[in-house]
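Each remark here refers to the structure printed beneath this line.
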Amino acid sequence: MPELPEVETTRRGIERSARGRRISEFRIYDHRLRWPIDRSLPQQLADQQIVEVDRRAKYLLLRLTDGTLILHLGMSGSLRLLPQETARISHDQFDLLLDSGDTLRFNDPRRFGSLHYTTEDPASHKLLRSLAPEPFDAAFNADYLYRITRRRSAAIKQVLMNGRLVTGVGNIYASEALFRARVNPRRAARKLSRAECVRIVRAVRAALQAAIRAGGTTLRDYVGTDGNPGYFRQKLYVYERDGKACRVCATLVRKITQGQRSTYFCPHCQH
DNA sequence: ATGGGCACCTGGCTGC
DNA sequence: TGCAGCCAGGTGCCCA
């Protein structure tokens, strides 16, 4: 579910309450995630301080005194900040109890999320070391996109969703960004012009930025740290709008399948 | 090196 | 009402 805007919204939602706090207890209710949660974590995390709350791509990084927690929300995960004791519901996997009395509670029905702990530099962790530059980083620019697409015969939509090439963009924002860039999602990446690469870089950033401002997109499961949904869904141009009028030209939005995922686009605005 | 397809899971919706 | 079938914000891994 969560793409970069939802993860960033989560990060911002817990930053103020978590930074500087000490972990009084780490409780695992269900260790089954994409990879089983290390059973020695309660012992390793207890009493450590949360020094910083960062994000890398779609991963949340809780930097602790002695190491870093690497958390991924998968397709259906959410992390809520609970100010007081709250009854557990199904698919609550773990709690981080803070010395302030707040609890960070992770819930992930589909269990595609993950939690790792490393005492090394997280940037060199197996899951993070091959990731592309951050979309808001100067390194992600038109020259970069033009260069990496030259030997790619894959469709641009697929390239945008490949975390080793572009980071933070998932199925929603790939369609949204290409609409904003006025590029057809089926275009072979290697055939993009430099001008199109300029538009795509700007569009990726604009789509992500706009979604962050709205607190992310909630389609089904996603909730922010306060338990409320994100409000970007009503501002989507094409995602899940197949058969409806394009917000710009009123042509009917189309839905196709690419790499076993749905893609949405306007056949008029995007060539 | 690149690309395609599968796997991992649960729940909600649709249509018979 | 019940149930089968399909679909869903991700991504690592295996094979050609």
Side-chain angles (χ1 to χ4, degrees), chain A residues 1-11 29-37 55-60 70-79 89-93 106-116 125-132 135 147-178 186 188-190 204 207-208 210-212 214-224 228-243 255-264:
Chain A
M1 63 117 147
E3 302 182 36
L4 186 148
E6 293 73 36
V7 179
E8 178 60 20
T9 298
T10 299
R11 190 194 70 76
Y29 304 113
D30 185 348
H31 70 279
R32 297 173 304 165
L33 286 178
R34 182 161 190 198
W35 295 279
I37 300 175
R55 178 189 56 73
R56 173 71 175 107
K58 299 171 193 166
Y59 291 92
L60 266 183
I70 303 172
L71 176 66
H72 198 290
L73 303 180
M75 289 275 267
S76 57
S78 60
L79 188 67
I89 55 174
S90 48
H91 311 302
D92 283 339
Q93 278 89 2
F106 183 75
N107 179 285
D108 182 7
R110 292 178 71 182
R111 308 204 310 261
F112 287 167
S114 64
L115 182 69
H116 288 84
H125 187 274
K126 190 180 177 190
L127 293 174
L128 306 187
R129 67 182 168 218
S130 305
L131 292 174
R147 183 164 51 78
I148 60 149
T149 49
R150 289 314 88 188
R151 58 201 137 103
R152 297 273 165 179
S153 56
I156 180 58
K157 159 83 166 8
Q158 315 264 72
V159 167
L160 289 186
M161 290 184 60
N162 182 340
R164 288 160 185 257
L165 304 175
V166 179
T167 241
V169 180
N171 206 37
I172 297 179
Y173 302 111
S175 285
E176 291 298 308
L178 288 172
R186 287 186 283 210
R190 67 195 319 162
V204 163
L208 296 177
I212 292 171
T217 300
T218 296
L219 298 172
R220 285 159 272 273
D221 303 297
Y222 176 75
V223 290
N228 291 320
Y231 298 104
F232 196 63
R233 188 176 191 180
Q234 55 222 71
K235 298 195 176 168
L236 296 173
Y237 283 106
V238 288
Y239 192 82
E240 286 194 340
R241 294 197 68 249
D242 49 311
K255 173 182 179 176
I256 58 174
T257 299
Q258 293 180 289
Q260 311 165 129
R261 313 296 299 276
S262 295
T263 300
Y264 302 84

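Keep in mind that the numbers below use all heavy atoms, side chains included, and drop hydrogens, waters and symmetry copies. Keep in mind the model is a prediction, meaning the values are calculated, not measured. Note on naming: letters A, B, ... go to the chains in the order of the sequence lines (proteins, then strands), and numbering restarts at 1 for each one.
dT11(C) atom C1' lies 15 Å from atom CZ of R56(A), rounded to whole Å. Atom CG of L131(A) and atom P of dT11(C) are 8 Å apart (whole Å). One atom, CG of N162(A), and another, C1' of dG10(C), lie 12 Å apart when rounded to the nearest Å. Atom CE of M161(A) and atom C1' of dT11(C) are 9 Å apart (whole Å). Spacing between atom CG of L33(A) and atom P of dG12(C) amounts to 15 Å, rounded to whole angstrom units. Between the CG atom of L160(A) and the C1' atom of dG10(C) there is a distance of 15 Å, given to the nearest Å. Distance Y173(A) OH to dA8(C) P: 16 Å, rounded to the nearest Å. E6(A) has its CD atom 14 Å from the C1' atom of dA8(C), to the nearest Å.
Close to dT11(C), at under 4.0 Å from its OP1 or OP2, lies no side-chain N or O of R261(A). Residue K126(A) places at least one side-chain N or O closer than 4.0 Å to OP1 or OP2 of dC13(C). Contact annotation: H72(A) does not reach the phosphate of dG10(C) (side-chain N/O to OP1 or OP2, under 4.0 Å).
dT11(C) and dA1(B) have their P atoms separated by 23 Å, with the value rounded to a whole Å. Comparing the P positions of dC7(C) and dG5(B) gives a spacing of 16 Å, expressed to the nearest Å.
Within 6.0 Å of the OH atom in Y237(A), the count of heavy atoms belonging to other residues, nucleotides or ligands does not exceed 12. Heavy atoms from other residues, nucleotides or ligands lying under 6.0 Å from CZ of R150(A) number more than 12.
Listed here is the closest heavy atom pair of Y239(A) and I172(A): CD1-CA, 3.6 Å. Nearest heavy atom pair, residue G74(A) against residue P2(A), reads O-CD, 2.8 Å. The two residues V159(A) and V166(A) make their nearest non-hydrogen contact at O-CG2, 4.1 Å.
Between the side chains of N107(A) and S78(A), not a single donor N or O lies within less than 3.5 Å of an accepting N or O. Checking Y173(A) against T217(A) by side-chain atom types alone, a donor-acceptor pair falls below 3.5 Å.
Put simply, chain A comes within 4.0 Å of DNA chain B, heavy atom to any atom, from dA1(B) to dG11(B), going 5' to 3'.
For the side chain to side chain donor-acceptor pair (under 3.5 Å) criterion with N171(A), the lone passing option out of E3(A), K157(A), E176(A) is K157(A).
Under the Watson-Crick or G-U wobble criterion, with both distances below 3.5 Å, dC9(B) has no partner in any strand shown.
Listed by chain and residue number, nothing satisfies the side chain to side chain donor-acceptor pair (under 3.5 Å) test with Y264(A) (two or more places apart in sequence, or in another chain).
Map R152(A) and Q260(A) each onto its nearest nucleotide of DNA chain B; the residue landing nearer the 5' end is R152(A). Nearer to the 5' terminus of DNA chain C, by closest-nucleotide assignment, is the contact made by K255(A) (compared with the other of K255(A) and Y59(A)).
Under 4.0 Å is where a charged nitrogen must lie from a carboxylate oxygen, and between E6(A) and K58(A) no such pair does.
Near DNA chain C, meaning a heavy atom under 4.0 Å away, the residues from residues 109-116 of chain A are R110(A), F112(A).
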